[in-house]
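Written below as structure tokens is the structure these notes are about.
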Number of protein chains: 4
Amino acid sequence: MNERSFFSEIFLCLSFMPTDKKTAILKSVLHLVNSVGFYHLNMKMIAAEAGVAAGTFYLYFKKKEDVINELYNLVVDEFNQAVLNAYQDDGDIKVIFTQMLEAAIQFYLQQKNYFSFIEQYTYAPFLFKENQEQNFVLLLPIYKMMRKGKKLRLIKDIPDAILLSIIHGSMNTMIKMHYAKKVSLNNAATRKKFYQACWEAVAVS
Amino acid sequence: MNERSFFSEIFLCLSFMPTDKKTAILKSVLHLVNSVGFYHLNMKMIAAEAGVAAGTFYLYFKKKEDVINELYNLVVDEFNQAVLNAYQDDGDIKVIFTQMLEAAIQFYLQQKNYFSFIEQYTYAPFLFKENQEQNFVLLLPIYKMMRKGKKLRLIKDIPDAILLSIIHGSMNTMIKMHYAKKVSLNNAATRKKFYQACWEAVAVS
Amino acid sequence: MNERSFFSEIFLCLSFMPTDKKTAILKSVLHLVNSVGFYHLNMKMIAAEAGVAAGTFYLYFKKKEDVINELYNLVVDEFNQAVLNAYQDDGDIKVIFTQMLEAAIQFYLQQKNYFSFIEQYTYAPFLFKENQEQNFVLLLPIYKMMRKGKKLRLIKDIPDAILLSIIHGSMNTMIKMHYAKKVSLNNAATRKKFYQACWEAVAVS
Amino acid sequence: MNERSFFSEIFLCLSFMPTDKKTAILKSVLHLVNSVGFYHLNMKMIAAEAGVAAGTFYLYFKKKEDVINELYNLVVDEFNQAVLNAYQDDGDIKVIFTQMLEAAIQFYLQQKNYFSFIEQYTYAPFLFKENQEQNFVLLLPIYKMMRKGKKLRLIKDIPDAILLSIIHGSMNTMIKMHYAKKVSLNNAATRKKFYQACWEAVAVS
DNA sequence: GATGAATGAGTTTTCATTCAT
DNA sequence: TATGAATGAAAACTCATTCAT
């Protein structure tokens, strides 16, 4: 089983949702946030892209920002699902660590829209009030693995926030650089080097 | 000389600019982007916060987005200045590495508005056309140090993008966590642990 | 059949268009250009006069000047239609000449708004970009008749521009004088004297 | 003495006025009305073109429309002066008629700005309240000649308005056609044909 | 459920006019 | 006189939301 087919089963749940109007709207927003950004997103675009009438939106969402928040939850769930699937309770912690990073990166490589959406959502404070406490939801599976590594004295006994920042922050920037064509994550050797560097940051030396 | 006064001399150039109307507008936008975000920023707010009439804005900027771009350039210049001041051409590379990270973190700790502004600007694709190629401008001083470390075989010979991602990405996430109160960067020991972890990620082991 | 009813059938197509919002806006602009002029015409007036909300305008026209240009084309078409109806391919050229002038004058007498609109549109250089080459569109039916008269050696063999200037220019000024109450074109004898003088200007003597 | 020098003495009084600020403003408006039109004329343009500060305008004029009205009076005076200079109390009425038309046409040919300004002023009802009764001021010298011709039974005994319309209206349209390059009034033969046609319209046959 | 024309409050931007210097 | 920065009311235009069909 190649990587693509392995992940496509997991990732594409939004893509395979029944093609009803509500799903069409959610997909339309996901696509538009990536192409025009939150700032320029408007109801006319959403309706046109979804192939529905302007009023139809309000049968499924109370107001514009609701679709954003609902979409965020869907996207986060998919991401967590993808990364958790890479988590094995038994097994070498470095292998698990690497597999989770790999899962996360593959997720974003195959779903540019998801990455773009999460980035904008996360870095837009006060865009939507519900945003304020969700910032680090994405990190939950990674967090779980980390705690285990600490117990086994394989991962440094330093504040979780530091470990999370290194893992999550550097991964995000790597993906951004990939999309900005500063580096190619399609190259497995490059990914391996990245995972190794991350590991050395967090591992007990 | 304590840290605060050391940096305040460098950072606060925007704060110490002559209090003319244009500066008042720039400051007003910097403050509002942090408090309400790009998405909710409007001309009425800008004028009110700056204490000028609505029309005054257009004496200094051709259109709304121009103030954003001008401000971005100012902020980036200040950041680079602050970090470059920490760069010494001779000296232990690990010390330089640490000092630059420290300078960057101190910059953002003392200027929450700057951090918030840069984050939103960087992660808002297509918000402003000029945005598209500037994404990694902030990394230039770090990049310089890195190249030197590579030559001395003290820093890993892996793609620059990986090194930059680890340094820049994890630092940004650390600061976000600090402002989200998940960790306190006011604690020097915590900062030291973070720098050490970063160093181990990039250093030849 | 009196003159009024004869022409009203032809002229009032704008008046008889279905009373939808777009027509209401077109009528509103036609009326307002006559009463306040291009210079003072604004969107608030247009909406109020048309009995629609401000935003409704933009469902039918992309920008303010578009309604002006669309209206101009409608008005010109109606004028040409009215004058062409008076044109007979066979028949005494002087009779045709007189009938066309009569048709044109009757058109404007019954549609003061149309006259006022065309005058302002024509004499406002650079008001609207599309204006620049349309200046003499109105003269087409008259031009056709003239050429025929020249062939028959009943109309002077002098440049068309001279003949057109005399016919069109003097007619326009007559109508302006009528509306300025310097002369009454309701008097058939007066009109007859005017047509005769025009004829003598253009006819081979 | 060629035509140009003959008229330049008369016409260029605005051009030769002392180059003080007020004159600069008047000239600036005359030029701008021709190039951008009343509709797009604004105070910034006027000041820039005149080479004065925005506030200077208000030392000489109470409000924007005042400069328009003052300029109109100046332009009308110059026109009347030019045409009256061609009027001789004794002499063949046809010769006088022709000379006056020639004087009027030469005036406008040498002063496109004047023509453009008068056209727009005349055809913009309600643009400026003072406009309403001045519409036919320009015709006064022509009117004077006409009355004399009527007395001598050389000019038709038909309402003055008809005679004025033919003379004034056709002349105006001729000049417009000249500037639209539909005919060239620089050709003396063309002008002669035009004068002859006009004469036949108004003369007792 | 689905539509899309209509709304009108809100947005950005313009510009005639003022006034401290 | 002369300036030009500053004003703020008003302009053109946008857009999330509603509602009759």
Side-chain angles (χ1 to χ4, degrees), chain A residues 20-22 24-25 29 39-48 50-68, chain B residues 20-22 24-25 39-48 50-68, chain C residues 20-25 38-48 50-68, chain D residues 20-22 24-25 29 39-48 50-68:
Chain A
D20 59 17
K21 308 263 177 192
K22 183 172 184 180
I25 290 166
V29 170
Y39 189 83
H40 291 121
L41 184 70
N42 68 41
M43 299 308 297
K44 210 178 155 188
M45 280 179 198
I46 295 173
V52 302
T56 304
F57 181 94
Y58 294 89
L59 296 174
Y60 300 105
F61 304 96
K62 245 190 86 188
K63 53 197 188 311
K64 188 188 174 189
E65 73 177 65
D66 287 359
V67 72
I68 306 286
Chain B
D20 58 18
K21 307 266 178 191
K22 183 172 182 178
I25 290 165
Y39 189 82
H40 292 120
L41 184 71
N42 69 42
M43 300 308 300
K44 209 176 156 189
M45 282 179 196
I46 295 174
V52 301
T56 304
F57 181 93
Y58 294 90
L59 295 176
Y60 302 105
F61 305 95
K62 250 190 83 183
K63 54 193 188 310
K64 188 188 173 189
E65 75 174 64
D66 287 0
V67 73
I68 305 287
Chain C
D20 58 18
K21 307 267 176 187
K22 183 171 183 180
T23 310
I25 290 165
F38 276 154
Y39 188 83
H40 291 119
L41 184 70
N42 68 41
M43 299 310 300
K44 209 176 155 189
M45 280 179 196
I46 294 174
V52 299
T56 303
F57 181 93
Y58 295 92
L59 295 176
Y60 301 105
F61 305 96
K62 247 191 87 184
K63 53 192 190 310
K64 188 188 173 189
E65 75 175 65
D66 287 0
V67 72
I68 306 287
Chain D
D20 59 18
K21 307 263 176 194
K22 183 171 184 180
I25 290 165
V29 171
Y39 188 82
H40 293 120
L41 185 70
N42 68 42
M43 299 307 297
K44 209 177 155 188
M45 280 180 198
I46 295 173
V52 301
T56 304
F57 181 94
Y58 294 89
L59 297 174
Y60 301 105
F61 305 95
K62 244 187 85 189
K63 54 195 187 311
K64 189 186 173 191
E65 71 176 68
D66 287 359
V67 71
I68 305 286

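Hydrogens, waters and symmetry mates are skipped; everything else that's a heavy atom, side chains included, is used. Predicted model, so just to flag it, every value in this text is computed and none were measured. Protein chains get the first letters and strands the later ones, always in sequence-line order, with residue 1 at the start of each.
Candidate nucleotides dG4(F), dA2(F), dT17(E) were compared by shortest atom distance to the side chain of Ala53(D), and dG4(F) ranks first. Counting only heavy atoms from C-beta on, Leu59(B) has its side chain closest to dA6(F) among dT3(E), dT17(E), dA6(F). Side-chain proximity of Ala54(D) to the nucleotides dT1(F), dC13(F), dA5(F) is greatest for dA5(F). For Tyr60(C), taking side-chain heavy atoms from C-beta onward, the closest of the listed nucleotides dA5(E), dA2(F), dT3(E) is dA5(E).
Look at dA9(F): its Watson-Crick or wobble partner, with both distances under 3.5 angstrom, is dT14(E). Base pairing of dT21(E): its partner is dA2(F), meeting the Watson-Crick or G-U wobble criterion (both donor-acceptor distances under 3.5 Å).
As rounded to whole Å, 14 Å separates atom P of dT14(F) from atom OH of Tyr39(A). Atom NZ in Lys63(B) sits roughly 18 Å away from atom C1' in dA12(F) (whole-Å rounding). Atom CZ of Phe57(A) and atom P of dC19(F) are 17 Å apart (whole Å). In this structure, the NZ atom of Lys64(C) is 21 Å from the P atom of dT12(E), given to the nearest Å. At whole-Å resolution of the value, CD in Glu65(D) and C1' in dC15(E) are 16 Å apart. Met45(A) places its CE atom 16 Å from the P atom of dT17(F), with the value rounded to the nearest Å. Taking atom NE2 of residue His40(C) and atom P of nucleotide dA10(F), one finds them 14 Å apart after rounding to whole Å. As rounded to whole Å, 14 Å separates atom C1' of dG10(E) from atom CE of Met43(B).
Each of Thr56(A) and Asn42(A) was assigned the nucleotide of DNA chain F with the nearest heavy atom; the assignment lying further toward the 5' end belongs to Asn42(A).
Atom-to-atom distance recorded for Met43(B):CE and Phe57(B):CZ is 4.0 Å, nearest 0.5 angstrom. Note that the CG atom of Asp20(D) and the CD1 atom of Ile25(D) stand 9.0 Å from one another [nearest 0.5 Å].
An OP1 or OP2 oxygen of dA2(E) is reached within less than 4.0 angstrom by no side-chain nitrogen or oxygen of Tyr58(A). Contact annotation: Lys22(A) does not reach the phosphate of dG1(E) (side-chain N/O to OP1 or OP2, under 4.0 Å). Side-chain N/O atoms of Lys44(D) include none lying less than 4.0 angstrom from OP1 or OP2 on dC15(E). Taking side-chain N and O atoms only, Lys21(C) has a distance below 4.0 Å to OP1 or OP2 of dT7(E).
In this structure, Ile46(C) reaches neither bases nor backbone, as no heavy-atom distance under 4.0 Å exists between it and the strands shown.
Minimum heavy-atom separation, Phe38(C) to Tyr39(D): O-CE1, 3.6 Å. Looking at every heavy atom in both residues, Tyr60(C) comes nearest to Lys21(C) through CE1-CB, 3.8 Å.
Residues Ile68(A) and Leu41(A) form a side-chain contact, since some pair of their non-hydrogen atoms from C-beta on lies under 4.5 Å apart.
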